[in-house]
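Step one of this worksheet: look at the structure below.
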Amino acid sequence: MGELLTLPLSKLSASGANMRKTARDSGLEELAASIAAHGLLQNLTVRPVLDGQGQETGRYEVVAGGRRLAALKLLAQRKRLPKAAPIPCALLGTANALEVSLAENSYVPPHPADQFEAFHHLHAAEGLPALEIAARFGVSERTVKQRLKLGAVSPRLMTHYREGLLTLEQLTAFALTDDHARQEQVWGDLTWNKSADIIRRLLTQAHVPATDRRVRFVGIAAYEAAGGPVLRDLFSADDQGFYLEDVPLLDRLVAEKLEAEAVAVRAEGWKWVAVHPEFAYGLAAGLRRVYPAPAPLDADEQAALDALERDYEALSNRLEGDGSPEADTAFQDLEARIAALRDRDAYDPDDIARGGAFVCLGADGALRVERGFIRPEDEAPPEPVPEPASLPAAQAEPEVISVAVEEETDGLTPLSERLVEELTTHRTAGLQAALMDRPDVALAALVHALALPLFHGGGYLPQSCLRLEAAPVIFINPVADGSAARAVASRHDDWARQLPSSPDELWAWVLAQETAVLARLLAFCVATLVHGVQAPWSHDPRRLAHADALATVLDLDMTRHWSATVDSYLGRATKARIVEAVSEGVSARDAVAISGLKKGEMAEQAERLLAGKPWLPALLRTVRREPALDQAAE
């Protein structure tokens with residue numbers, strides 16, 4: 001290399017002999033920020049620009065250092081550097097310009113671990129705040145914080161990363177905590193699966209994730225204000241990568257907020273208000289429920305409603321065909337005011353005086369208030385009725401015949417009776433949710449169930465899955481918290497608000513309804529009678545076969561309501577069943593990979609593998625109809 005020169009920036013230009021052609025502008029902002037903060041740490045290599053006669057023109061072209069030249073030009077353009085700023089350069093001698101450029105760009109870049117530890121040293125040892133480091137190197141403050149986190153990982157794990165035993169993705173997972181001992185313990189506990197997800201799960205298994213319903217209810221700000229520590233994942237892309245470490249504090253804040261919400265409910269005048277962490281349907285067992293009815297309007301309110309409806313009609317005539325935002329706003333304002341008067345519901349004051357409410361945390365993290373429950377001891381005394389002259393003799397209860405569950409033909413151990421009962425209860429909820437929107441199928445099911453004993457006898461074993469004694473199947477947790485059972489409960493509440501509150505008024509109400517309304521109500525009522533539960537004391541093959549046939553007609557898809565988790569299936573089935581699930585739902589290769597794990601770890605790995613997969617155990621599957629039957633049905 002030749003002599004060193006100091007040349008004005010304005011006399012320097014890029015050379016076509018520079019070997020770097022790809023990504024020449026990549027990282028210019030960072031490079032410019034570094035030059036502004038630390039100066040030009042490496043000279044440019046230049047050669048004179050000659051004219052047509054081979055004479056020097058006084059200008060120079062940069063054959064090595066083109067990106068540094070571009071960064072210097074960028075600083076000059078932004079007036080952070082004079083256009084004629086003196087730049088140290090090395091004059092190219094007789095060496096080939098392309099060869100020099102290639103040699104300069106053929107260096108081995110530093111290992112990322114070196115950069116992580118260097119950033120951490122600047123912050124921890126030299127006291128530079130993250131924001132200042134970001135400014136000096138032209139990167140975001142979040143990037144600096146991420147590199148500081150990586151630089152603070154256990155030295156032992158950093159050594160593994162340098163040696164290629166750890167990937168960058170795994171290292172970012174370990175950076176979730178600053179506890180080196182915990183990091184190394186988790187590394188030692190890992191088996192064949194060393195994915196970043198598993199590392200994060202092991203590091204946070206005693207914490208509560210941001211997606212937990214309790215966190216959504218209380219709010220992370222309230223938890224932190226109460227002194228709760230938070231573990232944040234700086235590498236999370238969805239801003240949900242934080243975990244709450246003080247679980248007792250979180251539960252206390254939930255209880256306090258529920259109690260505070262209960263104050264407003266008590267102010268409504270209920271005889272009692274009970275606060276619970278969740279609404280389990282067992283809470284309301286044995287309690288009658290009442291519902292609000294449309295609130296009557298007094299004379300002033302009725303006059304106000306009549307005036308608003310006249311205004312709405314006049315506005316419709318005046319703005320007919322006007323689709324402007326102003327017209328929409330005017331209509332929406334009037335509609336909201338009319339709805340506020342017309343659509344008001346209110347409980348009967350006597351029901352409020354005798355009844356109560358439950359204040360709970362909903363499955364979605366929102367407040368859940370269930371009102372209108374009457375305890376038996378608070379019921380109004382019944383009116384006296386004349387005693388009948390005689391009563392017919394009570395019929396004997398039919399004997400329940402228990403049919404033993406046959407051994408599985410595939411050699412697998414049968415599922416436990418409790419799990420079979422729960423899965424078929426889930427399926428019963430799914431059948432009800434599907435049937436309540438199919439009045440045509442509900443009518444057919446009802447006629448079928450009524451005609452069987454009338455024309456074909458019946459014996460002791462029911463041949464229909466409908467409970468015609470009008471005793472709806474009651475769902476308890478965990479089934480009650482499933483989407484199918486919640487849909488049935490929500491539809492029940494919708495109908496209860498439409499029906500008269502007194503049973504004496506129901507017949508007149510029914511007579512006054514159109515056929516379409518009655519058909520929808522019939523579908524719901526029939527749906528609640530579906531009983532496809534397979535219990536140890538009630539294994540009726542013909543009833544269960546009819547439940548299968550009903551599922552086929554409804555094209556029931558239980559993947560909409562159930563998924564395989566440790567709690568719902570995998571932690572309660574045998575290891576062979578878990579392997580079967582992964583083999584069917586994911587792949588045979590993954591099934592073999594987890595087959596040697598212990599039961600608990602196998603169940604957790606299977607849950608991760610099956611997440612988002614439409615796999616169902618045999619008890620929840622639906623046999624699809626033949627195309628010919630579909631055409632006949634149409």
Side-chain angles (χ1 to χ4, degrees), residues 281 289-294 345 424-455 462-475 479-480 482-503 505-533 540 542-562 620 622-625 629-634:
Y281 282 84
R289 189 169 190 180
V290 296
Y291 292 89
D345 289 339
T424 53
T425 305
H426 270 296
R427 191 167 187 256
T428 295
L431 279 168
Q432 292 188 6
L435 185 60
M436 66 187 184
D437 289 322
R438 291 291 302 276
D440 55 334
V441 179
L443 181 60
L446 178 59
V447 172
H448 167 262
L450 293 175
L452 275 174
L454 185 60
F455 296 101
Q463 299 183 50
S464 170
C465 65
L466 302 189
R467 278 184 169 177
L468 286 182
E469 67 273 20
V473 177
I474 302 300
F475 303 119
V479 179
S483 62
R486 292 203 309 270
V488 174
S490 176
R491 186 67 61 86
H492 177 276
D493 292 352
D494 292 341
W495 277 113
R497 290 184 175 90
Q498 299 177 52
L499 299 179
S501 58
S502 171
E505 302 171 3
L506 182 59
W507 178 239
W509 184 91
V510 168
L511 290 178
Q513 302 308 306
E514 296 179 355
T515 303
V517 175
L518 293 180
R520 291 196 300 272
L521 179 56
L522 172 64
F524 175 75
C525 293
V526 172
T528 64
L529 303 181
V530 171
H531 180 47
V533 179
D540 311 317
R542 284 179 289 186
R543 172 176 61 82
L544 297 176
H546 180 241
D548 290 338
L550 185 60
T552 296
V553 173
L554 292 169
D555 199 20
L556 177 65
D557 181 8
M558 282 303 296
T559 61
R560 297 172 53 193
H561 307 296
W562 186 92
L620 298 184
T622 298
V623 177
R624 302 304 173 193
R625 288 196 294 184
L629 294 178
D630 289 335
Q631 294 174 5
E634 292 176 4

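Residue numbers start at 1 and run along the sequence shown. What you see is a predicted model; the values in this text were computed from it and never measured.
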Polar side-chain atom of T552 near backbone of V623 as donor-acceptor pair, under 3.5 Å: yes
So which atom in V526 and which in A442 form the shortest heavy-atom distance, rounded to 0.1 Å? CG1-O, 3.8 Å
Those residues that, when tested against R560, pass side chain to side chain contact (heavy atoms under 4.5 Å, CB included) (two or more places apart): D557
Got a second to check how far R427's CZ is from W562's CH2, nearest 0.5 Å? 13.0 Å
Search all heavy atoms of V488 against all heavy atoms of Q432 and return the closest pair with its distance. CG1-OE1, 3.8 Å
Would you please name every residue forming a side chain to side chain donor-acceptor pair (under 3.5 Å) with D437, sequence neighbours left out? R491
Nearest-0.5 Å distance, NE2 of residue H492 to OH of residue Y291: 4.5 Å
Check: C465 main-chain N/O paired with H546 side-chain donor or acceptor under 3.5 Å: yes
Do the non-hydrogen side-chain atoms of L550 and L554 ever get within less than 4.5 Å of each other? yes
So which heavy atom on T622 is nearest to which on L556, and how close? OG1-O, 2.8 Å
Measuring from L431:CG to D548:CG, what's the distance to the nearest 0.5 Å? 8.5 Å
So, do C525 and L529 sit near enough that their side-chain heavy atoms are less than 4.5 Å apart? no
Give the minimum heavy-atom separation between R543 and H531, together with the two atoms involved. NH1-O, 2.7 Å
Nearest heavy-atom pair of H561 and S483: which atoms, and what distance? ND1-OG, 3.0 Å
Considering all heavy atoms, the nearest A519-P439 contact: O-CB, 3.6 Å
What's the separation between atom CG in D345 and atom CZ in R497, rounded to the nearest 0.5 Å? 7.0 Å
Mark yes or no for whether T428, through its side chain, and V533, through its backbone, hold a donor-acceptor pair below 3.5 Å. yes
